[in-house]
Amino acid sequence: MILKEILIVKGYKARTIQLIRQFGTLYDTHVVTEVYDEKLEKFIMLDPMFNLMIKNNSIYMNANELRSSYLYANNRYIIQEFKGNKVAKYNNYYVNYLSLFNNVLIVKSSELIGFKRNLMRIPIIQKYVNSKYYTLKDKDIKVYAILYKLLYFYIPLFLLFNIVVITFINIRNRMKRRN
Amino acid sequence: MLNKFKNIYYGALIGIFILSILIISVLKVNNIWMNIDLIADYNQIVDVGKYPDNNKLKIILPKEILSSDVSFEKDIKKTLSYVATVINGRYSSNPNLTGYQKLKSILTQNGGGFVVIWL
């Protein structure tokens, strides 16, 4: 994310990508950065942990292209590591580096700072202020996306509406009784 | 009759509330409680937020990193290598952590506490 901020300061469009090997585990995850290449009209991936970029026929790839290539296209990619003795090596990583690309999520971070970050916990409101992930349409992930919206937005909204209506009716009935 | 219906209705609302909390708890325990939006075009999401004071980075970054090269590819590689070798000290055992510590304090002050974990 530091790389992303530096790239933004330099005037590039950059974003953070969350990689998750398998949903349901917090352990085998990784974060990379992507920067928008105006010439190619697409994002390309940069991994500051291993100081590497991924190429396919001399064109740099993004995380999603690597995912597709790794999963469906017979590994058509070249991992380009740049020199640097002090940088960790991806092939020495504790888990197969490419398996981390099973799930590729674009991270939209919340701009709230300080105590305002607590707003992200409140249902309904959090829809507008919380950090968010974006991913390409996927049947498995669709279930989680729907559940989150349903349980943290639509159901609380429905319950809140009912509470307001019931309270309003009770107050009106009391007023009537008094009169 | 109306009163009986009212009680059933209230019961249903309380039931929905309890059920929601239970499902949320189960999803949280299984680490699948995530705010996800599904998109059709991978490159469409450009505005992903930034730290309000990220211009402070200009104070601490070396000039050669801030100045852009003519070639996009060169510039990106230069910036990537800088972050990987100079700033990223956690995995590289780089004794020169000054840049990393400075960036960490700036980002922490701006609500980016978790950022430094995921360099």
Side-chain angles (χ1 to χ4, degrees), chain A residues 1-3 5-11 13 15-16 23-26 31 35-39 41-43 46 48-51 53 62 64 82 84 86-88 105-114 117 130-138 141-142 144-145 147-148 151-152 155 159 162, chain B residues 9-10 13 16-17 20 23-24 27 30-52 54-55 57-58 61 65-66 68 72-73 75-77 79-85 87-89 91-94 100 103-104 107 110-112 115-116 118-119:
Chain A
M1 276 187 165
I2 287 174
L3 176 60
E5 296 300 330
I6 293 174
L7 289 168
I8 290 174
V9 166
K10 288 181 72 156
K13 292 171 189 165
R15 61 189 191 182
T16 301
F23 269 108
T25 171
L26 285 176
V31 173
V35 62
Y36 193 75
D37 187 338
E38 302 283 351
K39 256 188 193 174
E41 296 183 339
K42 67 167 189 170
F43 279 91
L46 317 164
M49 188 165 127
F50 300 113
N51 199 9
M53 291 167 82
N62 56 41
N64 191 57
F82 303 113
K86 289 172 178 173
V87 176
L105 303 153
I106 302 159
V107 181
K108 182 176 184 178
S109 51
S110 171
E111 290 181 18
L112 294 179
I113 53 173
R117 288 181 82 85
N130 202 357
S131 48
K132 194 182 266 187
Y133 297 97
Y134 296 96
T135 188
L136 286 175
K137 283 176 184 169
D138 184 306
I141 297 173
K142 198 175 180 180
Y144 307 132
L147 272 176
Y148 190 95
L151 295 166
Y152 237 46
I155 289 179
L159 292 173
N162 276 278
Chain B
Y9 189 72
Y10 285 177
L13 289 181
I16 290 170
F17 177 71
S20 301
I23 297 172
I24 290 171
L27 292 174
N30 289 295
N31 303 315
I32 43 179
W33 181 243
M34 295 171 89
N35 188 8
I36 304 172
D37 259 8
L38 300 176
I39 50 170
D41 178 8
Y42 184 73
N43 292 304
Q44 82 180 62
I45 304 297
V46 176
D47 179 26
V48 289
K50 60 178 182 177
Y51 288 95
N54 71 359
N55 268 324
L57 289 170
K58 283 182 183 172
L61 290 172
I65 296 300
L66 284 171
S68 295
F72 169 79
E73 196 181 317
D75 197 31
I76 294 301
K77 282 180 186 171
T79 316
L80 171 66
S81 290
Y82 172 74
V83 175
T85 54
I87 298 173
N88 188 355
Y91 291 97
S92 62
S93 348
N94 187 346
Y100 172 73
L103 286 172
K104 180 181 171 178
L107 293 171
N110 291 291
V115 170
V116 291
W118 300 114
L119 188 71

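Order of the sequence lines sets the chain letters (A, B, ...), proteins ahead of strands, with each chain counted from 1.
Between the CG atom of Leu80(B) and the CD1 atom of Ile6(A) there is a distance of 10.5 Å, given to the nearest 0.5 Å. Put simply, CZ on Phe72(B) and CD on Glu38(A) are 8.0 Å apart, with the number rounded to the nearest 0.5 Å. In this structure, OH in Tyr42(B) is found 5.0 Å from CG in Asn62(A), a value given to the nearest 0.5 Å. We find the OH-CG distance between Tyr144(A) and Asn35(B) to be 15.5 Å, quoted to the nearest 0.5 Å.
In terms of heavy-atom proximity, Pro48(A) sits nearest to Val83(B) at CB-CG1, 3.8 Å. Between Ala40(B) and Leu136(A), the closest heavy-atom pair is O-CD2, 3.5 Å. Taking each heavy atom of Met34(B) and Phe23(A) in turn, the nearest pair found is SD-CE2, 3.3 Å. Closest of all the heavy-atom pairs between Ile155(A) and Ser20(B) is CG2-OG, 3.4 Å. Between Asn43(B) and Glu41(A), the shortest heavy-atom distance links the atoms ND2-O, 4.3 Å.
Note on ring orientation: taking the six-membered ring where Trp is involved, the planes of Trp33(B) and Tyr152(A) are perpendicular (angle over 60°, cut-offs 30° and 60°).
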Step by step, work out the side-chain contact (heavy atoms from CB on, under 4.5 Å) result for Leu27(B) and Tyr148(A).
CA-CA 9 Å; Leu27(B) 292 174; Tyr148(A) 190 95; over 6 Å; no
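Residues Lys108(A) and Ile45(B) are not in side-chain contact: their nearest non-hydrogen atoms beyond the backbone lie 4.5 Å or more apart. Looking at heavy atoms from C-beta onward, Leu38(B) lies in side-chain contact with Lys142(A) at the 4.5 angstrom threshold. With a 4.5 Å cut-off on side-chain heavy atoms, Leu46(A) and Thr79(B) do not count as touching.
Only the side chain of Ile106(A) comes within contact range of chain B, with at least one heavy atom under 4.5 Å from a heavy atom of that chain. Residue contact with chain B, scored on non-hydrogen atoms closer than 4.5 Å, involves the backbone and the side chain of Leu147(A) alike. Of the atoms belonging to Asp41(B), it is backbone heavy atoms, and not side-chain ones, that fall under 4.5 Å from chain A. For Ile76(B), the part lying near chain A is the side chain, with the backbone staying farther off; criterion is any non-hydrogen pair under 4.5 Å.
At most 12 non-hydrogen atoms from other residues, nucleotides or ligands lie less than 6.0 angstrom from CZ of Phe17(B).
Highest contact tally toward chain A, considering only Leu13(B), Ile36(B), Ile39(B), is held by Ile39(B) [criterion: heavy-atom pairs under 4.5 Å].
Although no hydrogens or angles enter the test, the distance criterion places a donor-acceptor pair under 3.5 Å between the side chain of Lys10(A) and the main chain of Ile65(B).
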